[in-house]
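Provided herewith is a single structure, encoded as structure tokens, for subsequent inquiry.
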Amino acid sequence: MIQRLFIIVCFLPLNLASLPLVINTWRFEDAAGTAWKALEKGGSVLDAVERGCAYCELVQCDGSVGFGGSPDERGETTLDAMIMNGDTMEVGAVADLRRVKNAVGVARAVMEHTEHTFMVGESATIFAQNMGFTSEDLSTNKSIAIFSQWLQQNCQPNYRKNVSPDPSESCGPYKPKAKQWMPKHPRGNFDPRSHDTIGMVVIGRQGQVAAATSTNGATHKIPGRVGDSPVAGAGAYADSTVGGAAATGDGDIMMRFLPSFLAVELMRNGAQPTDACRRAINRIKKYYPDFFGAVICANTAGDYGAACNKRPGFSQFPFMVVNPFTNTPELHTVNCF
């Protein structure tokens with residue numbers, strides 16, 4: 001079958017109202033197709049959302065997902081992921097995962113083989129190894145080169161503030177300095193070209209909802225940093241009585257507002273997906289007008305939409321949708337506001 005790619009610029013809410021449905025952030029067409037194929041073969045919505053995100057982990061989607069991307073201040077690539085079952089409200093999540101490529105698979109193992117929700121760091125890696133996941137180096141020649149160039153540029157940019165030596169001019173080690181005045185809404189160092197994550201929502205034919213995320217985080221992050229992606233309600237959220245949502249962008253800011261949870265609650269109260277996404281973005285814009293980010297939303301009727309914050313270099317946001325009308329991934333682009 002010939003695969004077709006449609007580009008649609010969205011000025012109005014999208015209301016195709018059909019199930020099942022796969023929707024994910026960015027131009028990750030094959031990830032959407034992988035999730036769809038899992039459904040076609042009789043897999044559950046959890047199977048579909050896991051396999052869609054795992055595909056991106058395997059092929060290193062845009063370098064922002066999976067191994068070999070976004071080295072931290074020590075040059076190490078670490079992974080964050082989560083998965084959520086909208087039928088049971090169970091969540092599995094991992095962060096700062098090392099030496100294991102299939103982060104979303106480990107997140108599902110946390111959900112299905114423990115009473116916990118969130119595991120982090122070296123202990124999460126040990127758990128993954130005990131569950132049968134392969135341990136291997138997550139660095140590549142590309143990630144090593146990115147780290148080496150960063151060191152040569154005096155560790156610019158970085159995520160430090162109020163420290164000495166001056167983080168805008170020098171590498172560490174850093175020590176805290178006397179508190180000084182800072183702008184109320186600092187722009188930060190998050191690069192929109194680092195897409196930050198894949199977020200995916202899958203809704204089954206009977207309205208079952210699952211959501212998942214996977215990312216290697218922000219390039220040059222401080223070791224131990226965890227962004228929004230693996231946090232339920234921030235990176236993604238699923239509720240089979242309503243729908244699901246997923247976010248992407250500057251996770252350090254976005255996680256403070258739980259935009260995915262907010263969008264789902266807005267849909268619960270009657271908002272259409274596009275409006276719910278816009279209102280979730282607006283909540284953040286009130287405090288951080290220049291932040292980089294977007295949210296995708298879908299309800300159990302099969303309606304879907306997205307919204308993003310307009311800023312220099314980021315005026316449109318692409319996302320993928322698969323539905324029975326086309327049976328293939330379609331690229332949609334929403335104008336930011």
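Values in this document were obtained by computation on a predicted structure and should not be read as measured data.
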**Prompt:** Out of curiosity, does L46 fall in the hydrophobic cluster containing V94 (side-chain heavy atoms, cut-off under 4.5 Å, transitive links)?
**Reply:**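 The answer is no; the residues belong to distinct hydrophobic clusters.
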
**Request:** Could you check if a side-chain atom of T333 sits within less than 4.5 angstrom of a side-chain atom of F317, using non-hydrogen atoms only?
**Result:**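 Side-chain contact under 4.5 Å: no.
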
**Prompt:** Does N158 use its side chain to pair, donor to acceptor, with the backbone of P167 at less than 3.5 Å?
**Reply:**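 At least one qualifying donor-acceptor pair exists.
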
**Message:** Taking the side chain as everything from C-beta on, heavy atoms only, tell me whether V209 gets closer than 4.5 Å to T300.
**Reply:**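 Yes, their side chains come closer than 4.5 Å.
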
**Message:** Keeping S143 on the side-chain end and G69 on the backbone end, is there a donor-acceptor pair under 3.5 Å?
**Reply:**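 Not a single qualifying donor-acceptor pair exists.
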
**Message:** Any non-hydrogen side-chain atom of M84 less than 4.5 Å from a side-chain atom of Y237?
**Reply:**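 Touching, per the 4.5 Å side-chain cut-off.
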
**Item:** Aromatic ring pairing F314/W26, orientation class (parallel under 30°, perpendicular over 60°, tilted between)
**Value:**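 F314 and W26: tilted rings.
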
**Message:** Is there a path of hydrophobic side-chain contacts, each under 4.5 Å between heavy atoms, that joins M267 and F257?
**Reply:**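 Result: no, two separate clusters.
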
**Partner residues of T241 under the side-chain contact (heavy atoms from CB on, under 4.5 Å) criterion, sequence neighbours left out** =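 With neighbours one apart ignored, the set is D239, R268.
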
**Enclosure of R256 CZ (heavy-atom neighbours >12, cutoff 6.0 Å)** =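 Atom CZ in R256 is packed in, count exceeds 12.
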
**Prompt:** Under the 3.5 angstrom rule, does the side chain of S240 hit a backbone N or O of Q208 as a donor-acceptor pair?
**Reply:**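 Such a contact is absent between S240 side chain and Q208 backbone.
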
**Request:** Please check if M255 and V120 belong to a single hydrophobic cluster, counting links between Ile, Leu, Val, Met, Phe, Trp and Tyr side chain heavy atoms closer than 4.5 Å.
**Result:**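 Yes, one cluster joins them.
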
**Prompt:** Below 4.0 angstrom, N of the basic side chain to O of the carboxylate: do R225 and D252 qualify?
**Reply:**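 Result for this pair is yes, salt bridge flagged.
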
**Request:** Using atom types as modelled and distance alone, determine if a side-chain donor or acceptor of Q60 lies under 3.5 Å from a backbone N or O of F67.
**Result:**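 Yes, because the side chain of Q60 sits within donor-acceptor range (under 3.5 Å) of the backbone of F67.
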
**Request:** Can you measure from OG1 (T248) to CG (D228) and round to the nearest 0.5 angstrom?
**Result:**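 Between atom OG1 of T248 and atom CG of D228 there are 7.5 Å.
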
**Item:** Between CG on residue L138 and CZ on residue R98, distance to nearest 0.5 Å
**Value:**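 So the gap between those two atoms works out to 10.5 Å.
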
**N299 (side chain) donor-acceptor with D303 (main chain) under 3.5 angstrom** =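 It does hold such a pair.
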
**Message:** Are the side chains of T328 and V322 in contact, using a 4.5 Å heavy-atom criterion?
**Reply:**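 Result no, sub-4.5 Å side-chain heavy-atom pair not found.
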
**Prompt:** Would you call E73-K221 a salt bridge at under 4.0 Å N-O?
**Reply:**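 Looking at E73 and K221, the cut-off is not met.
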
**Message:** Using side-chain heavy atoms (C-beta onward) and a distance below 4.5 Å, is V91 in contact with M82?
**Reply:**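 Side-chain contact under 4.5 Å: yes.
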
**Prompt:** Are N24 and F319 close enough that some pair of their side-chain heavy atoms sits under 4.5 Å apart?
**Reply:**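 The answer is no, as the side chains (C-beta and beyond) never meet within the 4.5 Å cut-off.
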
**Asked** Counting only heavy atoms not in K285, do more than 12 sit closer than 6.0 Å to its NZ atom?
**Response**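 Atom NZ in K285 is crowded, with more than 12 foreign heavy atoms closer than 6.0 Å.
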
**Distance-minimising heavy-atom pair for A234 and A247** =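 Distance-wise, the nearest heavy atoms are O-CB, 3.5 Å.
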
**Request:** Using the side-chain hydrogen bond (donor to acceptor under 3.5 Å, both in side chains) rule, collect all pairs that involve residues 148-157, keeping only residues at least two apart or in two chains.
**Result:**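 Qualifying pairs, neighbours excluded: none.
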
**Item:** Test: R108 and E50 ion pair at under 4.0 Å
**Value:**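 Yes, charged N to carboxylate O under 4.0 Å.
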
**Prompt:** Do the two ring centres, one from Y304 and one from H332, sit under 6.0 Å apart?
**Reply:**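 Yes, the ring of Y304 comes within the 6.0 Å limit of the ring of H332, centre to centre.
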
**Prompt:** Under the 3.5 angstrom rule, does the side chain of D250 hit a backbone N or O of F291 as a donor-acceptor pair?
**Reply:**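 Looks like no, no N/O pair under 3.5 Å.
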
**Request:** Verify the cluster assignment for L39 and I83: are they in a single hydrophobic cluster under the rule of side-chain heavy atoms below 4.5 Å apart?
**Result:**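 They do share one cluster, since a chain of ILVMFWY contacts under 4.5 Å joins L39 to I83.
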
**Donor-acceptor contact present, side-chain N216 to main-chain G66, <3.5 Å** =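 Yes, the answer is positive, given that a donor and an acceptor are paired below the 3.5 Å cut-off.
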
**Prompt:** Got a salt bridge between K161 and D166, using NZ or NE/NH1/NH2 to carboxylate O under 4.0 Å?
**Reply:**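 Not counted as a salt bridge, because no side-chain N and carboxylate O are separated by less than 4.0 Å.
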
**Request:** Give a yes or no answer on whether the side chain of D62 reaches the backbone of V65 with a donor-acceptor pair at less than 3.5 Å.
**Result:**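 Not at all, since once roles are kept as given, no pair shorter than 3.5 Å links the two residues.
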
**Asked** Taking the six-membered ring of F337, is NZ or CZ of R278 closer than 6.0 Å to its centre and within 45° of its axis?
**Response**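 Cation-pi check for R278 and F337: passes.
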
**Message:** Just so I know, are the side chains of F118 and P230 near enough to count as touching, which here means a heavy-atom distance under 4.5 Å?
**Reply:**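 When only atoms from C-beta onward are counted, P230 and F118 do touch, with a gap below 4.5 Å.
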
In residues 128-135, what donor-acceptor pairs under 3.5 Å come from side-chain atoms, sequence neighbours left out?
unit_1	atom_1	unit_2	atom_2	d
Q129	NE2	S135	OG	3.1
N130	ND2	I126	O	3.4

**Request:** State, yes or no, whether a side-chain contact exists between N327 and W36 at a heavy-atom distance under 4.5 Å.
**Result:**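 Yes, their side chains come closer than 4.5 Å.
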
**Asked** What about M254 and L258, same hydrophobic cluster or not, with Ile/Leu/Val/Met/Phe/Trp/Tyr joined at side-chain heavy-atom distances under 4.5 Å?
**Response**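 Cluster IDs for M254 and L258 differ.
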
